[in-house]
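Read the structure below first, then the notes.
In this text, all values refer to a predicted model and were calculated from it rather than measured experimentally.
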Amino acid sequence: MRLTAFFLPTLKETPSEAQIASHRLMLRAGMVRQSAAGIYSWLPLGWKVLRKIEQIVREEQDAAGAQEMLMPTIQSADIWRESGRYDAYGKEMLRFTDRHDREMLYGPTNEELITQLFRDNVRSYRDLPKILYHIQWKFRDEVRPRFGIMRGREFLMKDSYSFDVDFEGAKRSYEAMFTAYLKTFKRMGLTAIPMQADSGAIGGNLTHEFHVLAETGESGVFYDSAYDELAAKGEIDLAALNNLYAATDEKHVPGGPNVPPPERLREARGIEVGHIFYFGTKYSKAMNAQVQGKNGEPVFAEMGSYGIGVSRLVGAIIEAYHDDRGIKWPEAVAPFKVGLVNLKVGDATCDSVCDDLYGKLVAAGVEVLYDDRDERAGVKFADLDLIGLPWQLVAGPKGLAQGVVELKSRATGEKHEMSVESALARLIG
RNA sequence: CGGGGAGUAGCUCAGCCUGGUAGAGCAUGGCGUUUGGGACGCCAGGGUCGCAAGUUCGAAUCUUGUCUCCCCGACCA
């Protein structure tokens, strides 16, 4: 993509409403614009990141055996009356009527819909287990949206739902999602700690929240310092994780059972990026979702639900990866891998070398943003640092006179001069 | 939902107290000089002062109502 053609409205100054780094940087980097309280438009750069994250989530769900589908954003009140949540959910649910005065709502979650689909279409235990998921926009009419897309009213969520014939099966599904979540967050460069959590309004008795540690996190969390060591090792060890203490402040009881000694107890702030629940037959009973068991007997489906805040992850990643100049995207979610800087647009050599580099990178399938604007070097560097592409490939008249370009890592700040060929090899290889 | 604050140019804000032709910086367009980490000069364009009523000869400014946004708290799968 050539920057002259790209819609990238960056801001030099910080909009006054933005309080935390991710919000500030998303506005400044031209990723999002607010349209109403807690409701945002995703501009091209932000949308690219969102789709990258979504794709990682999708791949890990698929790998765990879940199947993607798509349920609507708008739901009928009827099924919510069946589950009993139409009255229970409260004002967070956005309700309205259509032209025929039918009561509708913008879905805050999809247990009812998926249970209805299951009930209407699955008859036998032989069809189980099943894990279905979708990645869809949700709306929760939060009293006080804040922190940009971190607590928006409209947000993109991946929600999965598992159906099993018995508890053992449900537990396997739960563990499959548990592991998938750890892998998902790790691929994005995040260390997410699974925490014992309050089960809240969804109800159930087996539940974990996944928190990314960040100073600006909304939740207080407590965890065993052994997590830090485990995270440093970089491998996912389910058994080890299950034996370590970690809890949100809602669940944490000082000095309670399993709480590690003070020297190993860490207190921190966390951003909740995922939440998984086993809730048994809560919805299948309320909505009469049964299958026939092995002996022909009716069995209520054992269910779980598993959410990842996809749009919130964008903010969480920025919270984890930024400095005072801007964002530092991990390569897995970066909107582009390379920012190609032509330091002197209009200079025949610079133009031809950059055009050639751009063509070759694109041909090799490398995502590259080519800054071909007729701007001063400082402007280009500042914008590139702000939007945080992992690699900056800089070509200017001085370097080219020596036959070199500069390759800079945004993450480490390291710069290396090298020939055009070796730069290409580094980026394509 | 309780408390506080703010709506004036694309952004950041001044002007309001004490009513009298709407401002600055940045951004944008043009020209020139510049050009390796957010240049400089000159010129230009751009505003229903959130909206509505009221007071007044006259309202961005005073009064009332209303809408929206932000912050703190409570709330939050």
Side-chain angles (χ1 to χ4, degrees), chain A residues 9-20 23-24 27-28 30 33-39 83 85 88-93 107-112 138 140-148 150-153 155 157-161 195 197-204 206-210 218-219 248-250 271-279 282-283 303-309 312 324-326 341-347 350 371 373-387 392 394-402 404-406 408 413 415 417:
Chain A
T10 56
L11 302 174
K12 221 160 131 178
E13 288 175 283
T14 303
S16 52
E17 74 266 18
Q19 297 300 306
I20 64 170
H23 189 196
R24 220 160 42 226
L27 290 170
R28 287 195 55 212
R33 286 294 182 266
Q34 181 171 329
S35 95
I39 301 177
S83 74
R85 284 209 293 181
Y89 213 92
K91 295 181 92 171
E92 270 198 18
M93 186 192 281
T109 179
N110 285 62
E111 279 82 5
E112 281 76 2
K138 305 289 188 294
R140 293 182 193 171
D141 199 357
E142 300 279 352
V143 197
R144 191 181 159 214
R146 66 186 109 175
F147 303 146
M150 297 270 270
R151 180 169 286 284
R153 291 194 293 172
F155 58 97
M157 176 163 119
K158 186 286 299 176
D159 39 326
S160 310
Y161 303 92
M195 311 244 165
D198 198 69
S199 61
I202 283 210
L206 182 54
T207 174
H208 285 87
E209 287 180 5
F210 290 75
E218 282 195 278
S219 322
T248 60
D249 51 9
E250 292 156 332
I271 299 167
E272 183 190 345
V273 291
H275 200 158
I276 61 178
F277 300 86
Y278 159 74
F279 47 68
K282 179 178 159 84
Y283 294 96
M303 294 174 59
S305 74
Y306 315 89
I308 289 180
R312 178 179 283 180
D324 55 357
R325 299 194 59 79
V341 180
N342 182 345
L343 276 182
K344 190 157 187 175
V345 169
D347 176 276
C350 285
D371 192 345
R373 296 176 300 172
D374 185 13
E375 285 286 355
R376 299 171 67 83
V379 173
K380 298 190 176 203
F381 289 132
D383 271 341
L384 257 196
D385 285 348
L386 176 62
I387 67 174
Q392 301 179 3
V394 182
K398 288 180 188 170
L400 289 179
Q402 314 293 319
V404 296
V405 291
E406 183 184 280
K408 178 183 162 186
K415 303 175 188 175
E417 291 196 332

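- Across all strands shown, Pro9(A) has no heavy atoms under 4.0 Å from either base or sugar-phosphate atoms.
- Base pairing of U18(B): no nucleotide in any strand meets the Watson-Crick or G-U wobble criterion (both distances under 3.5 Å).
- The nearest whole Å value for the distance from the CZ atom in Arg153(A) to the C1' atom in C75(B) is 15 Å.
- Nucleotide C13(B): paired with G23(B) (Watson-Crick or G-U wobble, both distances less than 3.5 Å).
- Pairing for U33(B) is with A39(B), a Watson-Crick or G-U wobble pair whose two hydrogen-bonding atom distances lie under 3.5 Å.
- RNA chain B is contacted by both Gly396(A) and Lys158(A); Gly396(A) maps to the nucleotide lying nearer its 5′ end (nearest heavy atom per residue).
- When heavy atoms are screened at a 4.0 angstrom cut-off, Glu92(A) is found touching the sugar-phosphate backbone but no base atom.
- Of the possible polar contacts, none joining the Arg146(A) side chain to the Arg151(A) backbone as a donor-acceptor pair under 3.5 Å is found.
- In this structure, the side chain of Arg28(A) engages the main chain of Leu11(A) through a donor-acceptor pair within 3.5 Å.
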Report, one pair per line, the protein and nucleotides 8-14 of chain B atoms (nitrogen or oxygen only) whose separation is under 3.5 Å.
from, atom 1, to, atom 2, distance (Å)
C11(B), O2, Glu13(A), OE1, 3.1
U12(B), OP1, Ser16(A), N, 2.8
U12(B), OP1, Ser16(A), OG, 3.4
C13(B), OP2, Ser16(A), OG, 3.3

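- In the interface, the side chain of Arg144(A) is not paired with the base of C1(B) through any donor and acceptor atom under 3.5 Å apart.
- Across all strands, Asp159(A) comes closer than 4.0 Å to no nucleic acid atom at all (heavy-atom distances).
- Look at CD on Glu142(A): it is 13 Å from P on C75(B), rounded to the nearest Å.
- Here the side chain of Arg325(A) pairs no donor or acceptor atom with the backbone of Leu386(A) at under 3.5 angstrom.
- The distance from atom CD of Gln19(A) to atom P of C69(B) is 16 Å, rounded to the nearest whole Å.
- With both ends at atom C1', the span from C76(B) to G37(B) equals 43 Å, rounded to whole Å.
- U28(B) and A44(B) make up a base pair, with Watson-Crick or G-U wobble contacts both under 3.5 Å.
- The listed nucleotides are C76(B), G36(B), C69(B); the one nearest the side chain of Pro397(A) is G36(B).
- Taking atom CG of Leu27(A) as the reference point, atom P of C69(B) lies 15 Å away to the nearest angstrom.
- Remark: the Arg28(A) side chain and the G38(B) base include a donor-acceptor N/O pair separated by less than 3.5 Å.
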>> Could you walk me through whether Glu272(A) and Ser219(A) satisfy the side-chain hydrogen bond (donor to acceptor under 3.5 Å, both in side chains) test, starting with their C-alpha distance in whole Å, then the side-chain angles of each, then the deciding distance to 0.1 Å, before giving a yes or no?
In response: CA-CA 7 Å; Glu272(A) 183 190 345; Ser219(A) 322; 5.2 Å; no
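- Contacts of Ala382(A) with the nucleic acid, taken as non-hydrogen atoms under 4.0 Å apart, include base atoms.
- Using Watson-Crick or G-U wobble geometry with both donor-acceptor distances under 3.5 Å, G2(B) finds its partner in C72(B).
- When side chains are defined from C-beta on, Tyr283(A) counts as touching Met303(A), because their heavy atoms get closer than 4.5 Å.
- Using modelled atom types, one side-chain atom of Lys380(A) and one backbone atom of Asp371(A) make a donor-acceptor pair closer than 3.5 Å.
- Here Arg33(A) lies out of heavy-atom contact (under 4.0 Å) with every strand.
- Residue-to-nucleotide contacts include a donor-acceptor pair under 3.5 Å from the side chain of Lys408(A) to the base of G37(B).
- Counting only heavy atoms from C-beta on, Lys12(A) has its side chain closest to C26(B) among C1(B), U34(B), C26(B).
- Remark: U56(B) base-pairs with no nucleotide in the shown strands. Criterion, Watson-Crick or G-U wobble with two distances under 3.5 Å.
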